[in-house]
Amino acid sequence: MTDPLTIKLTDSLSRKKQEFIPLDPNHVKLYACGPTVYNYAHLGNGRMAVVYDLWARLLRHAYPKVTYVSNITDVEDKIITAAKESGQEIAVITEKYTKIYNDDMATLGVGLPDIQPKATEHIQEMIDQIAQLIERGHAYEAEGHVLFNVPSDPSYGALSGRSRDEQVAGARVEIAPYKRDAADFVLWKPSTNDQPGWDSPWGVGRPGWHIECSAMAEKHLGLPFDLHGGGADLKFPHHENEIAQSCCAHGHPEKVNSFANYWIHNGFVTVDGEKMSKSLGNFLLVHDLIKDHKGEVLRLALLSAHYRQPLDWSAQVLHQSQVLLDKLYTKLLELKDVQADIGEIPMSIMTALCDDLNTPLAIAELNKMLKEKEGVELKSQLLAVGSLIGILQENPDEWLVQDHSNIDVSKVEGLIKERAEAKKNKNFARSDAIRDELLSIGIEINDTRDGTTWQKT
RNA sequence: GGCGCGGUGGCAGAGUGGCCAUGCAGGGGACUGCAACUCCCCGUACGCCGGUUCGAUUCCGACCCGCGCCUCCA
């Protein structure tokens with residue numbers, strides 16, 4: 001890598017696309033908020049995982065060392081609810097869904113982050129940070145709770161563009177009486193006997209949601225670090241609060257990038273134009289989708305829109321990804337005997353990815369490349385692109401092989417043989433009838449110079 | 001109400017001050033006994049109204065429409 005790559009990204013903090021300049025070019029640090037493990041991961045979780053996995057891959061391509069941290073939230077009130085409803089221990093639930101999450105993401109070609117910290121293993125770090133906030137006058141104890149005092153942070157709202165007053169005006173929930181300010185949020189809350197709890201200077205309790213990411217990012221990456229990512233919905237309040245906690249804990253409330261230098265946010269997945277929700281019954285789980293679709297098809301589909309844009313999931317999106325991957329694997333199969341190592345990423349594709357991870361453009365360039373190049377050059381570049389973006393990792397033979405388990409192969413081949421006879425005798429009426437018959441049982445035939453092949457439609 | 005995002009050809013989806021996105025679907029052609037596969041070709045898209053400009057889908061302003069967040073959420 002002689003020529004240093006210039007990566008541009010849209011920074012949510014400055015609201016501008018700008019050049020990424022690492023704090024330390026020898027060690028780039030990325031943090032992305034991971035899932036709360038109380039259920040199967042949905043497509044939105046999948047998109048988040050794929051997007052930041054690709055950011056990590058791109059950064060690794062450009063810099064010698066990258067540490068990518070993405071957490072598992074394993075203490076949260078939804079988990080408590082899930083435990084009560086299912087009668088299972090909390091740890092059983094969180095371990096189960098953590099494993100399923102990682103397995104499902106692996107199917108999407110998502111590598112494990114370099115570090116995957118769990119909230120429950122960082123309670124002490126959270127307590128320490130809360131204590132620091134109290135010490136510096138940014139947090140206070142009230143009725144067993146510890147709250148972050150929003151008015152004590154002059155920079156609060158820098159990320160979301162929301163002032164404290166606006167937040168209060170928009171509040172749709174009742175304001176707890178122990179809050180000094182309506183905008184204050186919980187750092188620590190008391191636990192009853194049937195809720196998970198840890199000893200703390202403020203009694204037995206559990207952390208609020210936002211503090212875990214502040215504590216874990218700092219522990220594993222140090223402050224400040226380069227990039228912090230997550231879903232667009234986390235911008236407020238979660239990320240806003242993370243900034244407040246981390247900057248204030250270290251006495252830099254006015255320096256909003258003293259926590260993370262750049263912020264990146266991915267857009268939502270909608271399904272046929274509607275937001276996924278349980279009530280609409282369009283809540284797509286990765287765990288279900290991988291039963292019917294190959295992981296790479298789902299991954300490519302998730303990358304078919306720019307990561308910051310909303311992505312509308314539909315049969316069409318899947319179809320396009322499937323068709324393209326089939327084409328690519330067919331090409332690789334054709335080039336099976338061509339000796340080629342992983343080559344260079346074509347400039348056009350690299351440029352697209354370096355421009356704020358423009359995957360739709362990169363895919364378009366991939367299509368062009370498929371047309372314009374051939375032989376060793378094509379194969380080596382396909383392998384290079386595939387290994388960077390996380391596709392084409394399967395054996396082409398296996399990818400293209402069909403599942404014939406519920407087909408009467410001998411019958412199909414018998415008919416094809418009969419058709420060949422009919423064709424030889426110029427009995428085209430009979431041969432066409434056979435073709436129609438095969439089609440009616442879902443078999444499509446394909447005459448080639450070397451005979452007739454068939455496949456499921 | 002506040003904050004933010006977006007409206008591109010049948011669909012998906014980039015991008016740009018003047019020239020090609022790309023893919024899927026569709027149409028035409030080559031090939032084929034006829035098909036399929038493959039290959040080639042094709043469609044004058046940029047929400048609406050003003051403004052700046054020699055020229056705007058692209059810049060500026062107003063308007064209309066859609067979406068997200070403000071409550072747990074990727």
Side-chain angles (χ1 to χ4, degrees), chain A residues 10 12 15 32-36 38-39 41-52 70 73 76-79 81 157 159-163 165-174 183 209 229-238 240 265-270 273-278 283 300-324 327 330 334 348 352 355 358-371 422-423 426-429 431-432 435-436 438-439 443-449 452-455 457:
Chain A
T10 302
S12 306
R15 276 154 243 215
C33 292
T36 302
Y38 68 105
N39 201 343
H42 59 249
L43 249 191
N45 295 303
R47 187 182 195 192
M48 171 266 150
V50 167
V51 162
Y52 296 104
S70 187
T73 297
E76 221 271 321
D77 287 2
K78 272 178 303 200
I79 303 174
T81 308
L159 178 67
S160 60
R162 246 178 268 264
S163 71
D165 293 337
E166 283 159 355
Q167 185 193 353
V168 173
R172 287 185 231 161
V173 276
E174 259 183 72
W209 174 38
D233 55 325
L234 295 183
K235 206 187 273 187
F236 189 89
H238 185 55
E240 192 72 71
H265 293 275
N266 63 277
F268 267 64
V269 178
T270 57
E274 285 179 310
K275 186 181 171 176
M276 275 196 292
S277 75
K278 284 175 182 167
F283 211 74
L300 193 62
L302 285 170
L303 294 173
S304 68
H306 184 88
Y307 79 96
R308 305 185 69 242
Q309 297 303 129
L311 171 68
D312 190 36
W313 195 258
S314 64
Q316 167 123 225
V317 172
L318 279 168
H319 177 244
Q320 286 198 35
S321 298
Q322 176 73 250
V323 168
L324 176 56
K327 250 201 270 191
T330 302
E334 279 172 25
S348 60
D355 185 11
N358 191 338
T359 51
L361 186 57
I363 292 168
E365 294 297 335
L366 183 59
N367 269 299
K368 284 189 196 164
M369 178 179 130
L370 196 57
K371 250 183 199 171
K423 279 180 62 171
K426 305 245 186 267
N427 185 356
F428 297 123
S431 74
D432 289 351
R435 184 169 63 209
D436 290 343
L438 285 167
L439 209 52
I443 303 298
E444 190 175 79
I445 56 170
N446 189 358
D447 290 339
T448 72
R449 206 179 305 162
T452 300
T453 61
W454 59 276
Q455 60 185 1
T457 52

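Because the structure is predicted, anything quoted here is derived from the model rather than measured. So you know, we letter chains A, B, ... as the sequences are listed, proteins then strands, and number each from 1.
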**Euclidean distance, atom CZ of residue F283(A) to atom C1' of C72(B) [Å, nearest integer]** = 11 Å
**Residues within residues 301-311 of chain A bordering RNA chain B, heavy-atom distance below 4.0 Å** = S304(A), A305(A), H306(A), Q309(A)
**Message:** Suppose you measure atom C1' in C20(B) against the same atom in G9(B); what distance do you get, rounded to whole Å?
**Reply:** 15 Å
**Prompt:** How far does the P atom of G29(B) sit from the matching atom of A36(B), given to the nearest Å?
**Reply:** 12 Å
**Asked** Taking atom C1' in both C59(B) and G18(B), what distance in whole Å separates the two?
**Response** 14 Å
**Asked** S160(A) side chain to K235(A) main-chain N or O, any donor-acceptor pair under 3.5 Å?
**Response** no
**Item:** Interatomic distance, E365(A) CD vs G15(B) P [rounded to whole Å]
**Value:** 12 Å
**Message:** Given A74(B), G4(B), U22(B), identify the nucleotide with an atom nearest to the side chain of L234(A).
**Reply:** A74(B)
**Nearest-angstrom distance, C1' atom, U57(B) to G7(B)** = 12 Å
**Request:** Measure the OG-CG distance between S348(A) and L366(A) for me, rounded to the nearest 0.5 Å.
**Result:** 9.0 Å
**Item:** N367(A) side chain, from C-beta outward: closest of G23(B), A21(B), G4(B)
**Value:** G23(B)
**P spacing across the pair U52(B) / U16(B), given as an integer number of angstrom** = 25 Å
**pair L302(A)-L43(A): side-chain heavy atoms closer than 4.5 Å** = yes
**Separation of S304(A) OG from Q309(A) CD (nearest 0.5 Å)** = 12.0 Å
**Complete:** To the nearest angstrom, the CH2-C1' distance between W313(A) and A74(B) comes to 14 Å
**Asked** Using the C1' atom in both, what is the distance from G33(B) to C24(B), to the nearest Å?
**Response** 31 Å
**Request:** Check the pair K78(A), N39(A) against side chain to side chain contact (heavy atoms under 4.5 Å, CB included), reporting the backbone distance first and the verdict last.
**Result:** CA-CA 10 Å; K78(A) 272 178 303 200; N39(A) 201 343; over 6 Å; no
**Item:** Main-chain N/O of L159(A) paired to R15(A) side chain as donor or acceptor, under 3.5 Å
**Value:** yes
**Asked** In dot-bracket notation, what is the pairing pattern of RNA chain B, taking Watson-Crick (N1-N3 plus N6-O4 or O6-N4) and G-U wobble (N1-O2 and O6-N3) contacts under 3.5 Å, with [ ] crossing and | for other strands?
**Response** (((((((..(((.....[...))).(((((.......)))))....(.(((..]....))).))))))))....
**Request:** Please state the P separation for the pair G47(B) and U38(B) - nearest whole angstrom.
**Result:** 34 Å
**Item:** Between OG1 on residue T359(A) and CG on residue L300(A), distance to nearest 0.5 Å
**Value:** 8.5 Å
**Prompt:** What nucleic acid atoms does G267(A) come within less than 4.0 Å of, heavy atoms only: base, sugar-phosphate, or nothing?
**Reply:** base
**Prompt:** Could you walk me through whether T81(A) and Y38(A) pass the side chain to side chain contact (heavy atoms under 4.5 Å, CB included) check?
**Reply:** CA-CA 9 Å; T81(A) 308; Y38(A) 68 105; over 6 Å; no
**Request:** Would you sort out whether W313(A) and L318(A) count as a side chain to side chain contact (heavy atoms under 4.5 Å, CB included), showing the intermediate values?
**Result:** CA-CA 8 Å; W313(A) 195 258; L318(A) 279 168; 3.6 Å; yes
**Complete:** Result for 5'-nearest mapping on RNA chain B, choosing between D355(A) and C33(A), is D355(A)
**Nearest-Å distance for atom pair CG/P, residues N39(A) and A74(B)** = 11 Å
**Message:** Using the C1' atom as the point on both nucleotides, what is the distance between C49(B) and C64(B), in whole Å?
**Reply:** 10 Å
**Complete:** Taken to the nearest 0.5 Å, the spacing of T452(A) OG1 from K423(A) NZ works out to 5.5 Å
**Request:** Mind calculating the distance between CD (E240(A)) and P (G2(B)) to the nearest angstrom?
**Result:** 19 Å
**Fill in**
Rounded to whole Å, CG of L324(A) lies from P of C11(B) at a distance of 22 Å
**Request:** Pick base, sugar-phosphate or nothing for G44(A), based on heavy-atom distances below 4.0 Å to the nucleic acid.
**Result:** base
**Asked** How would nucleotides 24-43 of chain B be written as a contact map, 5' to 3', with B for base contact, S for sugar-phosphate-only contact and - for no contact, using protein heavy atoms under 4.0 Å?
**Response** BS-------BBBBS------
**Message:** So V51(A), base contact, sugar-phosphate only, or nothing? Heavy-atom distance under 4.0 Å.
**Reply:** nothing
**Prompt:** Does H265(A) get its side chain close enough to the base of A74(B), under 3.5 Å, for a donor-acceptor pair?
**Reply:** no
**Nearest-0.5 Å distance, CD of residue E365(A) to NZ of residue K368(A)** = 4.0 Å
**Message:** Need one value for L361(A): base, sugar-phosphate or nothing, where a base atom within 4.0 Å counts as base even if backbone is also close, heavy atoms only.
**Reply:** base
**Item:** For the student: nearest non-hydrogen atoms of H265(A) and S12(A), plus distance
**Value:** CD2-OG, 2.6 Å
**Request:** Round to the nearest Å and state the distance from H42(A) atom NE2 to C72(B) atom P.
**Result:** 16 Å
**Message:** Quick check for you: to the nearest 0.5 Å, what is the distance between L303(A) atom CG and N358(A) atom CG?
**Reply:** 11.5 Å
**Prompt:** What is the distance from NZ of K368(A) to P of G13(B), rounded to the nearest Å?
**Reply:** 19 Å
